[in-house]
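We name chains A, B, ... by the order of the sequence lines, and we start the count at 1 in each one.
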Amino acid sequence: MEKTTESSMDKGYNPQAVEGKWYSFWLEKNYFKGEDNSSKPSFCVVIPPPNVTGVLHMGHALNCTLQDIIVRFKRMKGFNTLWIPGMDHAGIATQIVVEKQLAKEGIKKDQIGREKFLEKTWEWKVKSGGAILDQQKRLGISVDWSRSKFTLDEDLSFAVKKVFVDLYNEKLIYRGNRLINWCPRCQTAVSDLEVKHQETKGTLWHIKYADDIVVATTRPETLLGDTAVAVNPKDARYKNHIGKSVSLPLTNRKIPVIADDSVAQEFGSGVVKITPAHDFNDYETGQRHGLPSIAIFDKKGVINENGGIYQGLKSIDARKKVLEDLTALGLLVKEEPHTLSVGKCDRCETVIEPMLSDQWFVKIKPLAEPAIKVVEEKQLKFYPENWTKTYLDWLYNIKDWCISRQLWWGHRIPAWHCVNKHITVSMEVPAKCSICSTQEIKQDEDVLDTWFSSWLWPLTTLGWPNETKAMETFFPTSVLVTGFDIIFFWVVRMVMASMHFKKEIPFKHVYIHALVRDERGQKMSKSKGNTVDPLDLVNDYGTDALRFTLASLVGGGRDIKFSEDRLDGYRNFINKIWNATRFSLNALKDIPLAKKIDVKKLTLPDKYIIYELQQTIKETTKAIEEYRFTDGATSLYKFTWNEFCDWYLELSKPVLYGTDSEQKSQSGAVLISVLERLTRLLHPYVPFVTEEVYQLLPDHKESVCIQPYPEENDPFLKLGSKESAFEIEVVKSVVSAIRNIRGENRISPAIKIKTTFFTQDKNSLSILKQNDSFVTTLGRLEKAEYVDKMPDTKKSAITLITLGEARISVIVPLEGLVDFNEEIKRLNKELEKVAKDFDLTQKKLSTETFMANAPKEIVELEKSRILQLQDKKNQLLESLKRLN
RNA sequence: GGGCGCUUAGCUCAGUGGUAGAGCGCUUGCCUUACAAGCAAGAUGUCGCAGGUUCGACCCCUGCAGCGCCCACCA
């Protein structure tokens with residue numbers, strides 16, 4: 001007990017001790033640099049740039065891991081590979097963070113002004129951005145750091161400006177006074193996408209506007225801005241009122257009763273108040289009927305001068321007062337609970353106020369059309385495919401994009417307003433108004449939506465709008481890897497931008513992965529306190545373990561429920577790789593390895609493991625190419641642990657510890673060749689441990705990162721064979737049968753037993769005899785005997801093995817045992833299973849329709865099965881008889 | 001309201017038209033000289049419910065239920 005746990009200083013592989021070292025080494029050697037000029041085919045990925053003031057969360061860890069697997073794989077496959085890193089200035093998000101930071105110091109941004117505020121933000125950016133860099137490096141990402149970009153860099157800002165000016169000149173950007181989503185806290189317009197709707201319990205108030213006109217509303221305070229009430233034209237109750245007017249309560253205004261199809265007769269009273277300045281529906285109704293709009297809120301959400309006596313009240317207070325006053329007048333006729341969906345600011349959760357406002361918009365339909373076409377025509381493909389529908393549906397119904405933000409942090413809009421309200425849009429600061437030539441001009445105060453720079457990301461990171469060599473070599477990029485949450489924000493818009501400005505798709509594939517949630521399936525968020533910092537996990541388990549875990553969990557397209565238990569298992573896997581290497585190298589230390597492998601000299605395990613390796617190479621390669629990371633991980637895990645370690649290394653021991661030096665030299669060479677290939681095969685998933693291991697291998701090259709990925713048609717792999725894999729199956733079955741008998745009968749591992757194998761099949765006998773040393777070692781046998789007649793044993797456990805043509809009885813004497821109850825139990829359990837299967841199969845074979853309709857192979861399979869089951873059944877019955 | 005996805009072992013999830021799999025957890029035995037972060041053996045499932053197609057359905061189809069997500073202006 002003590003010996004195995006506490007006293008043992010060696011806790012296995014220590015990732016912390018090696019990861020930093022290798023990452024520095026890789027960077028020093030410039031392995032991750034993409035070449036602008038290269039004869040090799042190109043492979044390019046741009047990173048979804050993290051928010052510069054954010055912290056790296058599990059989503060980033062997943063995103064980075066998947067990209068790094070692909071990129072390392074392609075690099076090893078011989079592509080001129082480039083992965084471009086960078087960061088996003090993240091307008092609102094960053095500004096909020098910095099505002100909060102300043103608030104802690106008791107500073108408000110208006111006190112210090114725009115210039116000073118931006119200075120502070122840049123300071124914060126440098127600090128926070130640096131932390132993200134360190135985090136990314138810990139994950140081992142193989143990006144070309146020399147090409148790192150930030151969305152506010154000078155060259156990227158130039159591109160943003162140019163795009164704005166060009167679109168303006170093409171009349172695809174316009175300025176308009178329209179109803180937009182206004183966040184009263186952030187004091188800016190936000191786009192539709194930045195509003196999150198939440199079901200909220202509220203109240204539906206019924207307010208009497210006239211004797212028989214009662215309106216139902218969830219926002220009574222907005223009646224101050226009503227400019228009509230509407231009814232359905234088919235509604236018999238109100239036919240007579242249409243075209244007349246009613247007097248708006250609490251004000252002196254008369255407003256018309258209009259008829260509009262959008263009004264549902266059955267909802268509430270069937271009468272709707274129309275407030276065009278503060279509701280999107282009402283705005284459209286207003287447009288249809290030419291109604292005036294009366295704005296009653298100012299930018300802070302406080303009632304303005306149009307609100308009469310209510311001026312100065314916040315909306316929530318105004319509501320209270322309005323309701324009080326209506327009650328006093330006896331106009332509040334009913335109130336009932338009502339759930340409604342409330343729009344909240346994506347960033348600060350403040351309730352969004354629809355407001356009429358002058359903003360800049362992108363006319364989006366002309367941009368959307370090409371983006372629809374390339375996906376419909378499958379020039380651009382989504383993985384998994386079903387995201388195509390999400391992408392297209394959104395584009396079919398897309399609305400103009402509000403791109404101006406009343407913020408300070410971002411790209412200032414290159415437009416100048418003159419005193420005569422003319423607008424000049426220009427790359428350079430203009431000297432005068434382009435229309436009236438006045439010199440009294442002022443630049444637009446607003447900045448652009450963050451996504452107005454990130455939608456150019458695949459272009460600008462390669463130097464566009466300049467015609468760079470990088471652009472020529474790497475554009476269009478190969479694949480975009482991102483979460484589904486930013487398909488609309490980002491993916492769609494990148495396609496639009498690229499199609500419009502470059503007339504090409506920005507990337508050929510889009511791989512969409514799931515979100516990382518906590519173990520209960522809840523979204524990770526700071527406010528819930530259920531976030532996991534990937535760096536903590538890296539510190540505790542190592543980067544490779546985290547990467548392998550994420551890659552293993554990402555499959556299926558569903559969200560990942562992340563729990564640390566899984567990490568334990570994969571940390572052990574990394575350790576297993578490490579230990580297998582240590583063992584191999586140690587065992588081979590004094591063995592001169594054969595320079596040339598002679599297939600005639602190979603053992604069965606040698607040929608089998610080479611064959612299995614080849615299968616694994618095939619599977620893993622295909623899996624990565626098809627973005628099935630989980631399948632790749634499973635395949636690697638199974639081969640490494642269940643074949644290489646559990647069987648091959650164990651089977652190699654008799655040879656390596658044996659005395660046949662020629663055989664040792666040959667099999668040793670196979671072992672090291674397999675291990676070396678396995679190391680390369682694992683590298684994209686677990687780069688650190690594989691580099692550490694690789695550097696210990698004899699005759700290793702400079703780094704595993706730049707070695708070729710194992711190829712299926714590697715001549716070495718031709719030494720394996722499917723037949724040998726089958727023969728090893730026989731050996732495995734025999735060994736498992738012995739172990740099963742030992743285990744069930746509690747025969748101590750310390751006791752070496754005699755075992756007899758009975759078979760009348762020549763091939764089986766030959767397999768057994770050839771592998772005598774393997775079976776003897778793994779079964780912990782004293783000696784194996786081979787007979788061609790069933791011995792007349794009394795006190796023995798017998799298991800019949802049927803595998804293909806092979807048919808072997810494994811006979812283990814149980815002389816030393818006090819009682820045979822355990823063995824009888826074992827036999828009965830087995831018998832029950834076999835009997836059940838037998839009955840089922842027999843039933844099938846005696847069904848006429850089955851025999852008539854089932855494919856020949858299946859019928860044959862069932863026929864051979866029934867024979868095997870029959871044999872087994874007989875054997876079990878016989879064994880039981882002998883024990884009793 | 002529209003769309004998408006999920007429902008398989010205690011937990012997390014794979015999976016295929018031909019008699020259900022993995023990891024973790026659990027039980028038992030092992031300090032077998034690579035690894036106790038290990039080795040060996042074992043137990044556990046009317047594959048959400050109801051129909052249909054089929055010789056045969058966990059898998060294909062239909063309906064239902066539950067859960068989750070996305071989109072949408074129902075006052």
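- Comparing A75(B), U28(B), C73(B) by their closest approach to the side chain of Arg746(A) singles out U28(B).
- Checked against C35(B), C73(B), G18(B), the side chain of Lys399(A) finds its nearest nucleotide in C73(B).
- Comparing A34(B), A75(B), A41(B) by their closest approach to the side chain of Asn740(A) singles out A41(B).
- For Phe488(A), the listed nucleotide lying nearest its side chain is C71(B); candidates were C71(B), A40(B), U28(B).
- Put simply, Trp647(A) has no side-chain N or O that comes within less than 4.0 Å of OP1 or OP2 on C39(B).
- Taking the side chain of Asn386(A) as heavy atoms from C-beta on, and the options C4(B), U19(B), G38(B), the nearest nucleotide is C4(B).
- Comparing A34(B), A75(B), C55(B) by their closest approach to the side chain of Asn853(A) singles out C55(B).
- Remark: side-chain polar atoms of Ser748(A) are paired, donor with acceptor, to backbone N or O of Ala750(A) under 3.5 angstrom.
- Applying the 4.0 Å criterion to OP1 and OP2 of A22(B), one finds that Tyr570(A) has every side-chain N and O outside that range.
- Closest to the side chain of Arg566(A), out of A41(B), G23(B), C69(B), is G23(B).
- Of the candidates G18(B), C39(B), A34(B), G18(B) carries the atom nearest the Pro855(A) side chain, counting heavy atoms from C-beta on.
- Counting distance only, with no hydrogens placed and no angle test, the side-chain atoms of Glu650(A) and the base atoms of A40(B) include no donor-acceptor pair under 3.5 Å.
- A donor-acceptor pair is defined here as one N or O able to donate and one able to accept, closer than 3.5 Å; such a pair exists between the side chain of Thr388(A) and the backbone of Glu385(A).
- An OP1 or OP2 oxygen of U19(B) is reached within less than 4.0 angstrom by a side-chain nitrogen or oxygen of Arg865(A).
- Among the nucleotides U19(B), U12(B), C71(B), the one closest to the side chain of Lys196(A) is C71(B).
- The two residues Arg219(A) and Pro354(A) have their closest heavy-atom pair at NH1-CD, 4.4 Å.
- Between Lys561(A) and C13(B) there is a side-chain N or O to OP1 or OP2 distance below 4.0 Å.
- Lys389(A) has no side-chain polar atom (N or O) that falls below the 4.0 Å cut-off from OP1 or OP2 of G5(B).
- Comparing the C1' positions of A50(B) and C58(B) gives a spacing of 16 Å, expressed to the nearest Å.
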